[in-house]
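Notes follow once the structure below has been shown.
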Amino acid sequence: MPSTRKPVIGVISCTRTVEGEDAYIVKTRYVDALTKHADAVPLICPAITTRDDADAMLARLDAILLTGSNSNIEPHHYGAASGRAPYDPGRDTMSALLIKAAVAASKPVFGICRGLQEINVALGGTLVDQRDGAEPPELPHHAPDDAPLEQMFGHSHPIDVVADTPLAAITGEPKLTINSVHFQTIGTLGAGLVVNARAKDGVVEAVSSVQGLAKILAVQWHPEWRPETRSHDLAFWQALGEITRGDAMR
């Protein structure tokens, strides 16, 4: 009889202060997308500081989802001399440990925005700082430093999907319109990753893993914002659930 167990997907949180105390924060959009569209059970991952902790956490999960954040990855993680704050060193450590543990355990790894950058760095890639305070029309990823969040996600731009990639199979479209603003973008690609989509200025907008590596799928935009109105965002979450269920039932 087929298993009816819903897969458990670990969600990487951000640390904030609530009522004067540290708290793990995950936007409800991620939780809603996982439960409604991926048909999965989200589990907020606690702070992880060692590989043993990461391995123990992965033993309880079928996949991990690295969410977006308004913090940048510290430049020393990818060999750069300088970068732009704010940083979240605790998340940098936690994400790197979980990604490496998941790859070693052959469990799916999914990334959104910062999550894509974390995956790339964990696999030996580099990043480029894109937050320069400029907003030329040909580079719609850029936003003024003082732009409020709702304006950042109002930036819409087209991307080209690479044929014969997982994203192409998931969306069925050669071009997509996305909403995102990048603080950091991929410089050199991490080992075992292939580009699934690019913006017109060459910025990598989606990656996946090559055959033989743990299943990896990551996008630079935020599909949790519009899955009810954008078919490719809905398809992302549905594919995430299908990939995880398939992996969990092996």
Side-chain angles (χ1 to χ4, degrees), residues 1-16 18 22-48 54 56-70 88 91 94-95 98-99 101-102 105-119 149-150 152-153 166-167 169-173 176 178-180 196 206-209 214-250:
M1 186 174 180
S3 172
T4 58
R5 181 181 74 85
K6 293 186 177 183
V8 179
I9 298 180
V11 183
I12 309 304
S13 60
C14 298
T15 302
R16 297 288 187 272
V18 177
D22 288 342
Y24 299 124
I25 303 297
V26 172
K27 291 191 298 185
T28 56
R29 291 178 189 271
Y30 293 118
V31 174
D32 289 346
L34 284 170
T35 55
K36 294 178 182 178
H37 307 309
D39 196 26
V41 177
L43 189 155
I44 299 174
C45 295
I48 289 172
M57 189 76 242
L58 259 295
R60 303 168 59 189
L61 303 173
D62 297 306
I64 60 170
L65 172 67
L66 299 121
T67 60
S69 170
N70 63 354
D88 186 345
R91 169 152 175 172
M94 176 178 178
S95 296
L98 281 171
I99 292 164
S106 297
K107 293 191 175 181
V109 181
F110 306 110
I112 292 174
C113 194
R114 191 191 208 268
L116 175 146
Q117 298 152 16
E118 290 168 338
I119 291 168
L149 188 63
E150 62 271 16
M152 290 184 183
F153 288 102
L167 186 65
I170 288 166
T171 63
E173 299 289 341
L176 303 176
I178 65 167
N179 291 69
S180 65
N196 280 218
V207 298
S208 67
S209 54
K215 298 180 181 69
I216 295 173
L217 178 64
V219 297
Q220 185 72 81
W221 66 94
H222 283 262
E224 79 278 6
W225 274 66
R226 295 171 178 82
E228 290 83 6
T229 58
R230 283 194 171 166
S231 59
H232 62 76
D233 286 347
L234 175 61
F236 172 86
W237 293 104
Q238 292 173 335
L240 184 153
E242 291 169 2
I243 291 168
T244 306
R245 282 190 294 277
D247 197 75
M249 293 174 185
R250 285 191 307 183

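When atom types are taken as modelled, the side chain of D62 and the backbone of V8 share a donor-acceptor pair closer than 3.5 angstrom. For the pair W221 (side chain) and D233 (backbone), a donor-acceptor distance under 3.5 Å is absent. Between the side chain of S209 and the backbone N or O of A214 there is at least one donor-acceptor pair closer than 3.5 Å. At least one donor-acceptor pair closer than 3.5 Å links the side chain of R245 to the backbone N or O of A38. Checked by atom type and distance alone, the side chain of K107 pairs as donor or acceptor with a backbone atom of L58 at under 3.5 Å.
What you find for S13 and C45 is that their closest heavy atoms are OG-O, 3.7 Å. For the residue pair P223 and W237, the shortest heavy atom distance occurs at O-NE1, 3.2 Å. In this structure, L234 and P227 approach most closely via the heavy-atom pair CB-O, 3.3 Å. The two residues F110 and A63 make their nearest non-hydrogen contact at CE1-CB, 3.8 Å. Contact record, M94 with P46: CE-O, 2.9 Å, taken as the closest heavy-atom pair.
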With side-chain contact (heavy atoms from CB on, under 4.5 Å) as the criterion, how do T67 and E224 come out once you've worked through the C-alpha distance, each side chain's angles and the decisive distance to 0.1 Å?
CA-CA 10 Å; T67 60; E224 79 278 6; over 6 Å; no
Starting from the C-alpha separation in whole Å, work towards a yes-or-no answer on side-chain contact (heavy atoms from CB on, under 4.5 Å) for V11 and V31.
CA-CA 9 Å; V11 183; V31 174; 6.0 Å; no
Going through the distances and angles, do R29 and H222 end up as a side-chain contact (heavy atoms from CB on, under 4.5 Å)?
CA-CA 10 Å; R29 291 178 189 271; H222 283 262; over 6 Å; no
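When the side-chain hydrogen bond (donor to acceptor under 3.5 Å, both in side chains) test is applied to D22, no partner is found at least two apart in sequence or on another chain. I170 is linked by a side chain to side chain contact (heavy atoms under 4.5 Å, CB included) to L217, A235, A239, counting only residues two or more places apart in sequence or in another chain. Every residue meeting the side chain to side chain contact (heavy atoms under 4.5 Å, CB included) condition with T171, not counting sequence neighbours, appears here in chain and number order: L167, E173, L176, H232. Partners of A23 by side chain to side chain contact (heavy atoms under 4.5 Å, CB included), not counting sequence neighbours, listed by chain and number: V18, I25. Shown here are the side-chain hydrogen bond (donor to acceptor under 3.5 Å, both in side chains) partners of R16, two or more places apart in sequence or in another chain: N70. In this view, R230 and N179 satisfy the side-chain hydrogen bond (donor to acceptor under 3.5 Å, both in side chains) rule, not counting sequence neighbours.
If you take CD1 on I64 and CD1 on I9, they are separated by 10.5 Å, rounding to the nearest 0.5 Å. Within the model, atoms CG of L43 and CG of L65 stand 12.0 Å from one another, a figure rounded to the nearest 0.5 Å. Going from atom CZ of R91 over to atom OG of S69 covers 5.5 Å, rounded to the nearest 0.5 Å. In this structure, OH in Y24 is found 10.5 Å from CD1 in I44, a value given to the nearest 0.5 Å. Remark: I119 CD1 to L66 CG distance equals 5.0 Å, nearest 0.5 Å. With values rounded to the nearest 0.5 angstrom, L61 atom CG is found 8.0 Å from L98 atom CG.
Side-chain contact between N196 and V219 is absent, with no heavy atoms from C-beta onward closer than 4.5 Å. A 4.5 Å side-chain heavy-atom check between P42 and V26 finds every atom pair outside the cut-off.
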